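Each chain gets a letter, A, B and so on, in the order its sequence line appears, and its residues count up from 1. Hydrogens, waters and symmetry mates play no part in the numbers below; they use all other heavy atoms, side chains included. Just so it is clear, the model here is predicted, and its values are computed rather than measured.
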Amino acid sequence: MPPRFFDQVYQIVSRLPRGKVVTYGQLALAVGNPRAARTVGWAMHRAPPERKLACHRVVSASGRLAPDHVFGGPEIQRSMLEEEGVTFLHDGRVNLDEHLWEIAPRSVRQIIP
DNA sequence: CGAATGACAATCT
DNA sequence: TAGATTGCCATTC
């Protein structure tokens with residue numbers, strides 16, 4: 001009985017296109033738990049490497065990047081995003097107006113209950 | 001089974 | 001405006 005919640009999060013992230021980002025809250029909402037944004041963050045921390053998820057495209061609701069202890073620092077994550085064409089505001093936050101990905105309903109593949 | 005964990009988010013001071 | 005507090009919840013141990 002695999003963790004359904006995490007799997008749904010991973011599946012959505014795996015469909016996240018280059019040059020786009022999503023927030024933890026968006027992912028939580030997409031899997032049916034609007035208030036589980038924090039749990040989504042934990043899912044990222046525990047993301048299985050074999051899925052090769054673009055977890056650097058997941059940012060906070062205000063466009064801030066992951067804390068210092070991830071990706072070797074926000075500078076690294078930022079450079080990864082910039083290579084995909086993501087732009088940033090002058091205060092160092094992701095330009096969400098330009099690059100926030102709208103999660104399509106079919107991006108969420110339901111798992112047999 | 002209860003307590004702990006955590007890459008959040010909204011609110012308060 | 002920045003820092004601290006509170007609510008939140010699936011997964012771990």
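Rounded to whole Å, the distance from CD on A:Q26 to P on B:dA9 is 10 Å. If you measure from atom OH of A:Y24 to atom P of B:dT5, you get 20 Å, rounded to the nearest angstrom. The distance from atom CG of A:L29 to atom P of C:dC9 is 14 Å, rounded to the nearest whole Å. Atom CZ of A:R64 is separated from atom P of B:dA10 by 11 Å (rounded to the nearest Å). The CZ atom of A:R78 sits 18 Å away from the C1' atom of B:dA7 (whole-angstrom rounding).
Residues from residues 86-97 of chain A with heavy atoms under 4.0 angstrom of DNA chain B: there are none. Proximity of residues 37-54 of chain A to DNA chain B (heavy atom under 4.0 angstrom from any strand atom) is restricted to A:A37, A:R38, A:T39, A:G41, A:W42, A:M44, A:H45.
When the side-chain nitrogen and oxygen atoms of A:N33 are compared with OP1 and OP2 of C:dA10, one or more of them lie within a distance under 4.0 Å.
Using a distance-only test at 3.5 Å, with no hydrogens or angles considered, a donor-acceptor pair links the side chain of A:H99 to the main chain of A:G85.
Taking all atoms of both residues into account, the shortest heavy-atom contact from A:R64 to A:V59 is O-CB, 3.5 Å. Among all heavy-atom pairs drawn from A:A36 and A:A28, the shortest one is C-CB, 3.7 Å. Between A:A47 and A:Y10, the shortest heavy-atom distance links the atoms CA-OH, 3.4 Å. In terms of heavy atoms, A:K20 sits closest to A:V86 at N-CG2, 4.4 Å.
Here B:dA7 is the nucleotide among B:dA7, C:dC9, C:dA10 with the atom lying nearest to any side-chain atom of A:F71.
Contact annotation: the side chain of A:Y24 never approaches that of A:T39 to less than 4.5 Å [non-hydrogen atoms, C-beta and beyond]. With a 4.5 Å cut-off on side-chain heavy atoms, A:V58 and A:L53 do not count as touching.
Listed by chain and residue number, nothing satisfies the side chain to side chain donor-acceptor pair (under 3.5 Å) test with A:R38 (two or more places apart in sequence, or in another chain). A:R93 is linked by a side chain to side chain donor-acceptor pair (under 3.5 Å) to A:D91, counting only residues two or more places apart in sequence or in another chain.
When each of A:F6 and A:R35 is assigned the nucleotide of DNA chain C bearing its nearest heavy atom, the one mapping closer to the 5' terminus is A:R35.
Residue pairs that meet the salt bridge (charged side-chain N to carboxylate O under 4.0 Å, His left out) test with at least one member in residues 69-81 of chain A, sequence neighbours left out, are A:R78-A:E82.
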I'd like a table of atom pairs between the protein and nucleotides 11-13 of chain B - only N or O on both sides, under 3.5 Å - with the distance next to each one.
none

### Message
Checking A:H56 against A:L65 for the side-chain contact (heavy atoms from CB on, under 4.5 Å) test, could you report, in this order, the C-alpha distance in whole Å, the side-chain angles of both residues, the deciding distance, and whether it holds?
### Response
CA-CA 8 Å; A:H56 60 283; A:L65 303 180; over 6 Å; no

